[in-house]
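Atoms within a ligand are numbered from 1 in the order they appear, just like the ligands themselves.
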Amino acid sequence: MKTLTLKIDGKEIEAKEDMTILEAAEKLGIQIPTLCHHKKLEPYGACRICSVEIETRGKSRIVAACCYPVKNNLNVTTRSTQIDKIRKTILELAAVTAGEDAMGEMRKLASEYNADLSHLRSKTPIEPTRCILCGLCVRRCIEATWDSVIGFIGRGTKRQIALYPEKASICTICDYCHDVCPTGKITSTGPDPPFPQIDDVLAGRE
Ligand code: FES
């Protein structure tokens, strides 16, 4: 496999061509925050908290470090005013759906990026669900059961994770998803509060 050379925060590193920026940064001891990423799962690129700035041939842009592959002569910046602002907003939005009490480890990030977790939360009537919609449990479910027992439903502020009723019995025997949940919503005995069933959501009962 080819080895490529790039710079991350001014430090040169050699990385294998199948690595992502996130993995190359880890090799250098540079921490990039993640929410929807998990080593057990394929990269997904949903939350964007791992946003970094890349520069090639004089052009710069923001990419998700967990998905973006390393490239020769890439110049990566992992912290800047713009990047910090993106991360701050993402954390404040996560608190809207999760509720401040479920932010767990994200509180440390919130203080690092000066995010005010009550800022947007207090302006919305949305009932907190302890879920940040990172999708880790949905992806873990597919990989563990070779099927979808849970899935996303709805758009915008109505988006949530729900259970397919015809597969609910499988859900009680697997227990794979709780260790990937970043908020603690999914305990070893299941989601708390439980995921609604998809037919109840569609019928407006949830
Ligand atoms: S951790 Fe990279 S997009 Fe979520």
Side-chain angles (χ1 to χ4, degrees), residues 4 6-9 13 15-56 60-71 74-99 102-115 117 120 129-144 148 150-152 154-157 159-161 176-186:
L4 310 174
L6 65 154
K7 272 189 185 168
I8 304 180
D9 293 344
I13 179 169
K16 297 264 184 277
E17 64 179 342
D18 67 343
M19 287 173 90
T20 60
I21 291 176
L22 181 70
E23 290 166 331
E26 265 172 14
K27 217 175 140 193
L28 276 173
I30 296 171
Q31 294 291 325
I32 297 174
T34 61
L35 290 180
C36 71
H37 179 75
H38 197 286
K39 285 197 166 101
K40 288 179 184 168
L41 300 169
E42 288 296 310
Y44 188 51
C47 75
R48 315 308 279 190
I49 202 158
C50 65
S51 291
V52 294
E53 191 176 306
I54 58 163
E55 195 205 302
T56 38
S60 64
R61 64 191 174 105
I62 301 285
V63 298
C66 68
C67 298
Y68 201 86
V70 292
K71 291 198 166 75
L74 202 63
N75 225 328
V76 183
T77 304
T78 67
R79 290 292 292 260
S80 69
T81 309
Q82 190 189 4
I83 292 165
D84 284 12
K85 206 169 158 195
I86 291 171
R87 292 179 184 162
K88 174 180 186 291
T89 307
I90 289 167
L91 288 161
E92 288 177 356
L93 284 168
V96 170
T97 53
M103 290 301 277
E105 284 292 301
M106 285 179 278
R107 283 188 175 279
K108 280 192 206 145
L109 288 178
S111 92
E112 188 170 344
Y113 292 99
N114 285 321
L117 299 180
L120 297 174
T129 58
R130 304 185 72 202
C131 175
I132 59 168
L133 302 171
C134 64
L136 282 168
C137 57
V138 175
R139 287 147 59 210
R140 185 78 171 125
C141 178
I142 293 168
E143 291 193 12
S148 295
I150 51 176
F152 283 110
R155 291 171 184 272
T157 57
R159 193 156 171 80
Q160 59 181 310
I161 293 172
Y176 272 90
C177 60
H178 92 266
D179 66 332
V180 298
C181 177
T183 64
K185 177 185 170 81
I186 304 179

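Atom CD1 of I32 is separated from atom CD1 of I30 by 7.0 Å, given to the nearest 0.5 angstrom. Taken to the nearest 0.5 Å, the CG atom of L35 stands 6.5 Å off from the CG atom of L91.
The angle that C50 SG and C66 SG make at atom 2 (Fe) of ligand 1, rounded to 10°, works out to 110°.
With ligand atoms numbered from 1 in the order given, ligand 1 contributes 1 (S) to contacts under 4.0 Å with heavy atoms of L35. Residue T34 approaches ligand 1 through these ligand atoms, each under 4.0 Å from one of its heavy atoms: 1 (S). Each of the atoms 3 (S) of ligand 1 lies under 4.0 Å from some heavy atom of G45. Near C47, meaning under 4.0 Å from one of its heavy atoms, ligand 1 places the atoms 1 (S), 3 (S), 4 (Fe). The atoms of ligand 1 that sit less than 4.0 Å from any heavy atom of H37 are 1 (S).
The backbone N or O of T97 sits less than 3.5 Å from a side-chain atom of T129, completing a donor-acceptor pair.
Sparse packing is recorded around CD of Q31, with 12 or fewer heavy atoms of other residues, nucleotides or ligands lying under 6.0 Å away. Within a 6.0 Å sphere centred on NZ of K7, heavy atoms belonging to other residues, nucleotides or ligands number 12 at most.
Closest to atom 3 (S) of ligand 1, if we only count protein heavy atoms, is R48 N, 3.2 Å.
Here A46 has backbone heavy atoms under 4.0 Å from ligand 1, and that is the only part of it that gets that close.
Under 2.8 Å from atom 4 (Fe) of ligand 1 lies an N/O/S atom of C36, whether from backbone or side chain.
A salt bridge links K88 with E92: at least one charged nitrogen is closer than 4.0 Å to a carboxylate oxygen.
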Practice problem: Evaluate the side-chain contact (heavy atoms from CB on, under 4.5 Å) criterion for residues R79 and E112: first the C-alpha distance (whole Å), next the side-chain angles of each, then the deciding distance (0.1 Å), finally the verdict. | Solution: CA-CA 12 Å; R79 290 292 292 260; E112 188 170 344; 2.7 Å; yes

